[in-house]
Amino acid sequence: MAELMKIETQVELFIEEILHRHNQAEENRKRENQAAIRIQSWFRACRVRAYLSHLHKKAVIIQKIWRGFTARARFRQMVKEAYFIMKMNFYEEMAVRIQRRWRGFFVRKYTHNFYARKRYLRGVLVNNEFVRRDLDELEELQRREKNCLELVKEQTAKVYLAHRSHHLLSTKQCPGVFNPPFKPAPHEMEQLLRQVKYQPPTRLAPGGGTRVLGMPSPAALSVPWTRESPWIKTRRSCCSPRFTLPPIASKKQQGLLREPGEVWEQHVNCPDLTLRLQTSYTHLEEAQNHLQQLQPAKFYRRTIRTGNMLHNQGLNSDAFTKTAYAKKFIL
Amino acid sequence: MSQRQIIQAFEQYQKSRLQFVQTVSDLASRPQNIEMLQNAGVMSLLRPLMLDVVPSIQQTAALALGHLADHSDDLAEAVVKEDILPHLISSLASQNNSYKKAAAFVLRAVAKHSPELSQAVVACGGVDALVVCLSDFDPGVKEAAAWALGFIARHNASLSQSVVDAGAIPQLVMCLLEPKVTVKRIAASTLSDICKHTPELAQTVVESGAIAHLAQMILNPDAKLKRQVFSALSQISKHSISLAEMVIEAEIFPAAVVCLRDQDEFVRKNVCTLMREVVKHTPELSQVIVNCGGMAAVVDYLGNCQGNLRLPGIMMLGYVAAHSEKLAMAVILSKGVPQLSLCLSEETEHHIKAATVWSIGQIGQHTPEHAKVVATANLLPKLLELYMDACSSEDLQAKCKKALKSILQKCTYLPGLEPLLYDAPSNILKHVVFQFSKVLPHDSKARRLFVTSGGLKKVQEIEAEPGSVLQEHINAINSCFPEEIVRYYSPGYSEVLLERLETYQPA
């Protein structure tokens with residue numbers, strides 16, 4: 001019994017022990033579980049870290065190789081570029097050198113050619129000299145022409161004066177005022193008076209109011225530089241082939257301008273009834289006398305003209321036409 | 001018997017009217033009588049006579065009116081106010097030639113005075129009537145009408161435009177072909193008056209072919225015609241390059257140069273003006289003139305005339321020289337500079353002097369070579385003198401300053417520059433000293449000469465503000481010389497020496 005007792009106590013103890021142990025185990029379970037988890041997690045972390053570091057190492061290797069590759073490629077590119085730039089610079093420098101030479105040559109040859117400039121300036125000088133000389137000559141010519149014209153004008157005036165004062169010509173009996181007996185030679189006016197052929201100033205020429213018929217026409221005198229005295233031509237001028245035509249119209253300019261009074265008079269004109277004749281009764285004799293007077297004058301003139309024609313023939317080359325012309329006029 | 005008496009009475013009345021009008025016309029042709037005539041109320045008396053039945057009275061009355069209107073502005077206005085113009089213009093188409101002439105004379109006399117009066121003539125339709133008269137057969141009528149048109153067109157562009165619009169230009173160009181010199185003369189003058197206002201008007205004249213006809217007449221012996229022809233050509237060419245080129249293309253040039261030696265001074269002046277107007281446009285046109293020897297002729301022309309006649313010649317030289325250095329050299333070689341110098345000393349009027357100074361500036365501004373020529377002609381002191389002269393006009397002073405500046409900036413001829421050191425004001429002196437400071441570092445002979453001629457001494461005496469441009473230039477000059485020399489020539493050096501003597505203790 002004791003044994004049993006002992007066993008029983010032992011069992012009891014054992015059960016107690018088991019209970020106690022269970023309790024203890026129950027108490028520790030959480031802690032132990034935690035510890036187990038920590039241990040597991042640490043282990044796993046270790047494993048993962050090891051894996052990751054492994055991966056990193058591999059990645060670095062890959063990157064290292066790639067970076068090296070690209071950098072080398074870029075460097076090669078850079079070198080290429082640098083070389084290219086260097087080459088370009090060189091080429092450009094050479095091109096500039098060539099262009100410089102060429103431009104210098106071109107400009108010197110064509111734009112700023114020293115010799116051409118020199119030649120041009122010399123040309124300007126020479127040209128100026130020429131122009132100056134030509135202009136001087138021309139001026140001289142103009143001056144002479146003007147003088148000549150003045151001379152001709154003066155002569156014309158003198159001849160006109162001689163015409164107007166023809167009565168001062170000395171005669172055989174009585175010396176004129178220009179030919180005083182106590183002087184050795186007569187005045188030049190006397191010469192002029194002798195040479196000028198006198199014609200009575202019958203009427204004024206139609207164009208110029210002062211020109212008298214028989215005066216030398218200015219056209220006859222206008223040949224410049226001939227010192228040929230104009231009054232020699234006086235005789236020719238009145239029968240020269242360039243005979244002045246008679247005026248076409250009468251002096252009255254416009255038909256409109258007849259005096260109104262006169263028109264009126266015509267309008268109311270009634271024929272007066274007189275016994276007087278319209279013509280005088282000596283009309284016939286007068287006409288005959290007139291005719292007779294005309295005849296010798298015409299004759300005289302013809303002789304002069306023929307004489308003059310001979311003179312013309314000696315002087316002029318185109319005398320033939322002139323004589324023909326003159327003949328037509330006389331006949 | 002009574003019939004006779006009646007006729008006699010009428011005749012007498014007519015005779016006395018005619019006599020009155022003729023007397024008035026004679027009196028009016030003398031300027032001293034006009035005031036008396038005006039006081040006597042001649043205007044209101046002439047007006048009914050303008051409407052007289054007898055044409056000769058009408059015509060003489062118109063002539064008298066013309067003389068009156070010709071004389072003064074007021075009388076011309078009175079003619080306009082009296083409403084005579086519409087009657088005149090309406091009868092211009094119908095009456096005989098002498099009347100047309102007289103009427104055109106009145107229109108001309110009225111239009112002559114002012115643009116307003118011309119406008120009045122235009123407003124009455126005078127231009128159209130006058131243009132119709134231009135196609136008349138009688139040269140006298142043509143002449144009178146062209147003359148009146150010229151006076152109308154003279155005033156301003158709008159009046160000229162109205163003349164052009166009336167179709168006057170073709171008629172005027174036809175008038176240039178008339179055998180009579182006076183008609184040609186007046187037509188050329190009218191064309192010139194029309195052309196002078198705007199390029200468009202000139203273009204219209206050119207398009208009607210006037211240039212060819214004008215160019216044919218430049219060797220005409222009549223001096224007055226030549227005057228007008230050259231005036232017209234210059235008025236055409238002054239507007240634009242293309243017009244000037246057209247004038248040149250008419251091949252007037254060697255012939256026109258010949259006219260620079262004409263007997264008539266106004267022909268010469270107008271030729272010169274023509275050349276100036278052509279030359280001012282482009283270097284090429286200038287080159288044409290230079291190549292045909294125009295420069296020498298113009299320079300000779302400048303020697304032969306006086307006063308205002310010189311002005312176009314002087315300006316022409318300036319215009320040619322302004323284009324390029326080559327042309328400026330051509331001016332120099334044609335002995336232009338001495339001639340301009342002569343002009344500068346002979347002329348008294350400021351505007352001519354100003355033009356001369358401008359031309360000299362244009363010649364000297366290109367290269368040192370050009371500037372040297374100007375300097376050796378002793379022109380720089382003259383320019384300076386004109387610039388400093390108190391009685392010179394403002395324009396002249398401005399031109400002098402500009403010319404001096406442009407020449408000095410190129411001038412490296414030191415003997416010519418030295419006189420300017422002594423009496424130039426600081427704004428000119430600046431440029432002179434600058435030129436010295438540029439040349440002296442490179443030229444030892446010049447340095448020596450600069451010291452011996454007293455230039456250095458003068459430079460030391462200049463009082464420049466420290467830090468100014470002038471001071472910098474002076475420093476640049478001083479740095480070309482040893483220090484002792486600079487100090488020796490500085491003002492007050494003797495006092496410094498004396499001071500040193502006093503403080504000196506013999507050992």
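Every chain is numbered from 1 and lettered A, B, ... according to where its sequence line falls, protein lines coming before strand lines.
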When the 4.5 angstrom heavy-atom criterion is applied to B:I7 and chain A, the contacting part is side chain
Rounded to the nearest 0.5 angstrom, the CG-NZ distance for A:L125 and B:K335 is 6.5 Å
Under 4.5 Å to a heavy atom of chain A? For B:Q263 that would be both
Across all chains, not counting sequence neighbours, the ring-ring contact (aromatic ring centres under 6.0 Å, His included) partners of B:Y301 are none
Okay, A:L138 and chain B: the region with an atom under 4.5 Å from a heavy atom over there is side chain
Honestly, the part of A:L121 sitting under 4.5 Å from a heavy atom of chain B is both
Subject >> Whether over 12 other heavy atoms sit under 6.0 Å from A:Q99 CD >> reply: yes
Quiz item: Can A:Y120 and B:L333 be said to form a side chain to side chain contact (heavy atoms under 4.5 Å, CB included), step by step?
Solution: CA-CA 11 Å; A:Y120 167 73; B:L333 287 180; over 6 Å; no
- Would you indicate whether A:R108, at its atom CZ, is surrounded by more than 12 heavy atoms from other residues, nucleotides or ligands within a distance under 6.0 Å? no
Bottom line for A:F130: the part with an atom under 4.5 Å from chain B's heavy atoms is neither
Applying salt bridge (charged side-chain N to carboxylate O under 4.0 Å, His left out) to A:D134 and not counting sequence neighbours gives none
In short, B:G293 meets A:N127 closest at the heavy-atom pair N-ND2, 3.6 Å
Among B:G294, B:S334, B:P254, the residue with the most heavy-atom pairs under 4.5 Å to chain A is B:S334
One should read off an interatomic distance between B:D262 CG and A:Q142 CD, to the nearest 0.5 angstrom, of 5.5 Å
Heavy-atom closest pair (B:A297 atom, A:L135 atom, distance to 0.1 Å) is CB-CD1, 3.6 Å
Here the pair of heavy atoms bringing A:E139 nearest to B:R261 is OE1-NH1, 3.2 Å
Okay, B:V257 and chain A: the region with an atom under 4.5 Å from a heavy atom over there is both
If you count every heavy atom of other residues, nucleotides or ligands that lies below 6.0 Å from B:Q12 atom CD, does the total exceed 12? no
